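Hydrogens, waters and symmetry mates play no part in the numbers below; they use all other heavy atoms, side chains included. For ligands, and for the atoms within them, numbers begin at 1 and follow the listed sequence. Here, residue 1 is the first one in the sequence, and each next residue gets the next number. As the structure is a prediction and not an experimental result, all values here were calculated from the model.
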Amino acid sequence: MRSDAKIFVAGHRGMVGSAIVRKLEQAGYSNLLLKSSAELDLRNQSAVAAFFEQHKPDYVFLAAARVGGIIANSTRKAEFIYDNLMIQTNVIHEAWKSGVQRLLFLGSTCIYPKFAPQPIREADLLTSPLEPSNDAYAVAKIAGIVQCRSYNQQYGTRFLAAMPNNLYGPGDNYDLTGSHVLPALLRKFHEAKQSGSPNVTVWGTGTPLREFMHVDDLADASLFLMLLDDERYGSILTYSDAPALINVGSGQEISIADLARMVQQVVGFEGELVFDTDKPDGTPRKLANSSRLHALGWKHRIELEEGVRDAYRWFVGHVFP
Ligand code: GFB
């Protein structure tokens with residue numbers, strides 16, 4: 001990817017897209033195409049077609065998506081399936097039509113079966129039923145993977161799908177009804193500390209295991225994949241058991257209860273934890289097998305506690321000073 005390559009970062013205002021933009025700028029890429037959703041509604045087929053026709057990007061990072069935590073996923077399934085299908089279908093299709101050289105489609109490890117063998121390999125996709133709380137989101141993302149594969153096979157494109165684990169970091173969503181667990185806990189502990197509340201409620205039993213990664217590590221992995229030489233990039237596209245699909249994990253697995261204790265300590269809250277078992281646990285475990293990415297030479301850099309401290313600094317500086 002030449003330093004003057006025209007790069008479209010779809011979803012650059014979100015946590016993932018903005019981290020990719022920061023990474024690209026640090027790496028010296030300045031010809032970035034960035035459109036807010038008000039300027040370009042990616043769900044609108046003709047608007048997306050006109051955009052690609054006019055700008056003809058060389059590379060695409062497809063980070064635009066409707067995302068959310070376990071409650072948002074289970075209560076707003078229609079939005080999750082419609083928005084994600086529309087966005088990715090339009091962008092992937094127009095990327096093919098306008099001759100994009102490489103496209104990186106970002107999803108999530110919740111595409112894998114609820115009871116997939118752990119750590120989950122790329123080849124475990126579609127081998128047994130999904131976790132029901134986020135099946136609409138997962139089915140949309142699976143469709144995007146299959147779209148990339150199908151276009152690669154039929155049209156000779158070089159589109160790749162990368163599946164990160166649970167992400168967190170600057171620019172996260174701190175709305176308690178829509179957010180993921182880590183930003184929710186940062187906010188809950190912070191507010192409890194400020195108000196002198198004696199306890200903080202953690203959803204579920206605390207036993208589910210999740211793998212977390214700082215979004216700056218995902219941005220680093222995304223650029224790493226985009227910059228792979230043709231042979232290594234092509235090797236991912238042609239894996240016989242899972243073409244065009246690669247996990248991006250950190251291996252940093254922790255129970256929700258231990259995560260809550262870590263956040264409690266980082267924030268400095270001295271009260272009690274209360275587990276609300278009326279709230280869903282979701283899938284019991286979701287650890288990605290990232291050996292393919294590791295074999296290519298990439299590894300995360302930001303350890304969980306350091307990342308949580310960074311996310312808390314950002315939260316205090318931007319959300320609830
Ligand atoms: O992060 P989270 O919402 O999503 O929840 P998933 C992870 C775990 O944390 C669940 C528990 O067991 C939650 O019950 N949890 C505890 C909390 N306290 C809280 C809280 O205050 N807020 C939230 N949100 N959770 C999502 C999928 O699944 O993972 C998406 O729904 C996506 O599709 C994302 O794939 C990465 O990890 O369960």
Side-chain angles (χ1 to χ4, degrees), residues 14-16 63 65-77 79-81 83-85 106-116 118 120 125 130-145 161-169 172-192 199-215 218 247-250 252-264 267 269 273-288 304 308 311 315:
M15 176 174 74
V16 171
R66 175 158 306 275
V67 298
I70 192 164
I71 295 291
N73 262 276
S74 54
T75 55
R76 291 162 41 206
K77 290 190 177 206
E79 289 169 59
F80 276 77
I81 195 158
D83 289 351
N84 286 308
L85 280 176
L106 291 159
S108 151
T109 49
C110 72
I111 57 160
Y112 292 114
K114 175 172 180 138
F115 296 114
Q118 308 283 323
I120 313 171
L125 186 68
L130 296 166
E131 152 63 28
S133 64
N134 56 30
D135 56 0
Y137 175 80
V139 165
K141 289 291 178 183
I142 294 168
I145 297 165
M163 297 300 126
N165 51 25
N166 288 41
L167 301 169
Y168 67 93
D172 214 338
N173 169 13
Y174 288 91
D175 163 23
L176 292 179
T177 54
S179 70
H180 290 102
V181 60
L182 219 162
L185 292 177
L186 282 170
R187 177 173 173 173
K188 286 181 183 178
F189 282 114
H190 181 77
E191 288 182 345
N199 53 50
V200 160
T201 303
V202 179
W203 294 354
T205 59
T207 57
L209 293 162
R210 292 290 183 274
E211 182 188 16
F212 290 92
M213 186 163 61
H214 193 286
V215 71
L218 172 70
N247 290 339
V248 183
S250 61
Q252 302 181 96
E253 189 182 39
I254 186 170
S255 74
I256 297 301
D258 285 345
L259 178 76
R261 287 182 202 109
M262 182 187 283
V263 176
Q264 174 180 25
V267 173
F269 170 73
L273 303 187
V274 175
F275 290 90
D276 176 1
T277 51
D278 288 339
K279 290 283 193 305
D281 270 346
T283 197
R285 195 177 178 199
K286 206 166 32 166
L287 177 64
L304 183 57
V308 171
F315 172 80

Identified side-chain contact (heavy atoms from CB on, under 4.5 Å) partner of I70 from the options P280, C110, S179:
P280

Exactly one candidate in L186, L185, V200 meets side-chain contact (heavy atoms from CB on, under 4.5 Å) with V267; the answer is L186

Present, as a list of atom pairs with distances to 0.1 Å, all nitrogen or oxygen contacts under 3.5 Å between ligand 1 and the protein.
unit_1, atom_1, unit_2, atom_2, d
ligand 1, 1 (O), V181, N, 2.9
ligand 1, 3 (O), I70, N, 2.8
ligand 1, 12 (O), D281, O, 2.6
ligand 1, 14 (O), P280, O, 2.6
ligand 1, 18 (N), W203, N, 2.9
ligand 1, 21 (O), K188, NZ, 2.7
ligand 1, 24 (N), S179, O, 2.9
ligand 1, 28 (O), K286, NZ, 3.4
ligand 1, 29 (O), K286, NZ, 3.2
ligand 1, 31 (O), N73, ND2, 3.0
ligand 1, 31 (O), N134, ND2, 3.3
ligand 1, 33 (O), N73, OD1, 3.4
ligand 1, 33 (O), N73, ND2, 3.3
ligand 1, 35 (O), S108, OG, 2.7
ligand 1, 37 (O), N166, ND2, 2.9
ligand 1, 37 (O), R210, NE, 2.7
ligand 1, 37 (O), K286, NZ, 3.1
ligand 1, 38 (O), R210, NH2, 2.9

Applying salt bridge (Lys or Arg N to Asp or Glu O under 4.0 Å), name anything that partners D135, two or more places apart in sequence or on another chain.
K77

Restricting to salt bridge (Lys or Arg N to Asp or Glu O under 4.0 Å), what partner residues turn up for D278, sequence neighbours left out?
none

Does one side chain, of Y137 or D83, offer a donor that lies under 3.5 Å from an acceptor on the other?
no

Scan the side chains in residues 205-212 for donor-acceptor partners under 3.5 Å anywhere in the protein, sequence neighbours excluded, and list what turns up.
unit_1, atom_1, unit_2, atom_2, d
T205, OG1, T207, N, 3.2
T205, OG1, T207, OG1, 2.7
T205, OG1, D281, OD1, 3.3
T205, OG1, D281, OD2, 2.8
R210, NH1, T283, O, 2.7
R210, NH2, D281, O, 3.3
R210, NH2, T283, O, 3.0
E211, OE1, N165, ND2, 3.2
E211, OE1, A288, N, 2.9
E211, OE2, N165, ND2, 3.2
E211, OE2, S250, N, 2.9
E211, OE2, G251, N, 2.6

